[in-house]
Visitor: 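Mind having a look at this structure? Questions to follow.
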Amino acid sequence: MKKYHVWTEGCQMNVADSQRVGSALERLGYTFTGKLEEADVIVLNTCVVRQSAEDKAYGRLSSIKPLKIKNPQLVVNLMGCLVGIRDTDKLHARFPYVDVFSPPSDPGPLVAYLTQGEAQALEASETGERFAVMDGNLILPEHERGKLVSAFVPVVLGCSHACTFCIIPSRRGGERSRPAAEILAEVRALAAQGVKEVTLLGQIVDRYGKDRPDGPNLAALLRRLDQVEGLERIRFLTSHPNYFGEDIMDTVAELPKVMPHIEIPIQAGDDEVLKNMRRGYTQADYRAIVEKIRRRIPDCSIATDVIVGFPGETEAQFMETTRVLADLKMDVAHLARYSPRPGTVAERRLTDDVPEAEKMRRFRLLEELQEKIVGEINARYLGEKVEVLFEEKVKGRWRGRTPTNKLVFVETDENLRGRVLPVTVTWSGPWSMQASLVR
Ligand code: SF4
């Protein structure tokens, strides 16, 4: 029996895409192997959002070369953001031992290569953005079936917003919402295979349906998904402050399966920096939306993203970011230091003028601030009873998440996989909590 191996780097969208590739390959009769050397097909699903991720992908590609020399029958598929949606000539020249190049979210070229030969595969890869095997009836790869508790489901592919620092729109193409029927069928199929929680993915997930005027928007989609039998929890990310409407807040507040956790990036606190990033809102707009969410969903946790050291960011402008984080007290802040990504507007038009050491200082400052804030927020859980969905056992402890997405560990010999159980929090820190099962 032929075997495949998938290596995934990057965001949840890539994790979901890799599941699709696994699903497609298993339909062709391949089985998964965790060992690179055993594989007949190797898929590298890449990410280029950060330079380090891109370097890792190149490192992986180089490590595959000797395997291909040893076994010329080995099929190597390079997929994801490194490939993008445009011409692959340069990549072909640099990595001649790669057989198939696939754009993000599209296992089509690999399937075509394996089933129809090279000429048709080339044609298929040129077609670009398609959903050849994303037919809404996702059968999980065998090694995940019955074991996967939480799955990612892409609902919006690509992005048309074009923030100046971001490479996603040029790599993943313009925004396309998947048909609601396809998503529903996929979520039902996942629930039937034992999945208890789905996280709907989109670069701007709250824009779901805006390119499909005849279909539901995100709020209406959530209401339909809330009915799926067997499914316990629904999450969605990433939201954009400009599109987060009251109808979405209502679904989070009202629907039992939609979890009270919102990921809504600010990126910077200063209006001038936000303008240079082309984010489309001001600090005041952002504050207003956070306040509105908290009024409507009082127990909601909110996560944000922040980039420090964007071109031209002065000390005073950085202090605006510090101020807004100190005031709003977010549950999570994903922090990043700016680094120019080739092909972005910021790389072409703005000077990366904040020294690395200064970027690091700003990063550390926010890290310390955030650690203190989250430590205080999580301390409120001490002694409280919360419902946790348990996913897996890691080093003798079961790991799960609260509705607000807090990480919880419980020590027990019982099998808790896929169960939602009440626990009492016995210890809390900024990054996780410990708890005991309520008897
Ligand atoms: S909203 Fe901005 S940061 Fe997010 S994917 Fe689109 S362009 Fe990139």
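Values below: all heavy atoms of this structure, side chains included; hydrogens, waters and symmetry mates excluded. The structure displayed is predicted, hence computed values, not measured ones. Atoms within a ligand are numbered from 1 in the order they appear, just like the ligands themselves. In what follows, residues are counted from 1 in the order of the sequence shown.
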Visitor: Tell me if the aromatic rings of Tyr4 and Phe32 count as close, with their centers under 6.0 Å from one another.
Guide: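 Yes, ring centres under 6.0 Å apart.
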Visitor: In terms of the angle between their ring planes, are Phe236 and Phe244 parallel, tilted or perpendicular, with boundaries placed at 30° and 60°?
Guide: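 Plane angle under 30°, so parallel.
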Visitor: Mind checking whether Phe95 and Tyr58 have parallel, tilted or perpendicular rings, split at 30° and 60°?
Guide: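 Parallel, since the angle between the ring planes stays under 30°.
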Visitor: Salt bridge between Lys275 and Asp270, side-chain N to carboxylate O under 4.0 Å?
Guide: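 So Lys275 does not pair with Asp270 through a salt bridge.
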Visitor: Counting only protein atoms, how many N/O/S atoms are less than 2.8 Å away from atom 2 (Fe) of ligand 1?
Guide: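 Near atom 2 (Fe) of ligand 1, the number of protein N, O or S atoms below 2.8 Å is 1.
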Visitor: Going by the side-chain hydrogen bond (donor to acceptor under 3.5 Å, both in side chains) test, which pairs reach into residues 342-355, not counting sequence neighbours?
Guide: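 As it turns out, the side-chain hydrogen bond (donor to acceptor under 3.5 Å, both in side chains) pairs with a partner in residues 342-355, which skip direct neighbours, are Asp352-Lys359.
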Visitor: Taking all atoms of both residues into account, what is the closest heavy-atom pair of Cys159 and Ile168, and its distance?
Guide: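 In terms of heavy atoms, the two residues are closest at CB-CG2, 4.3 Å.
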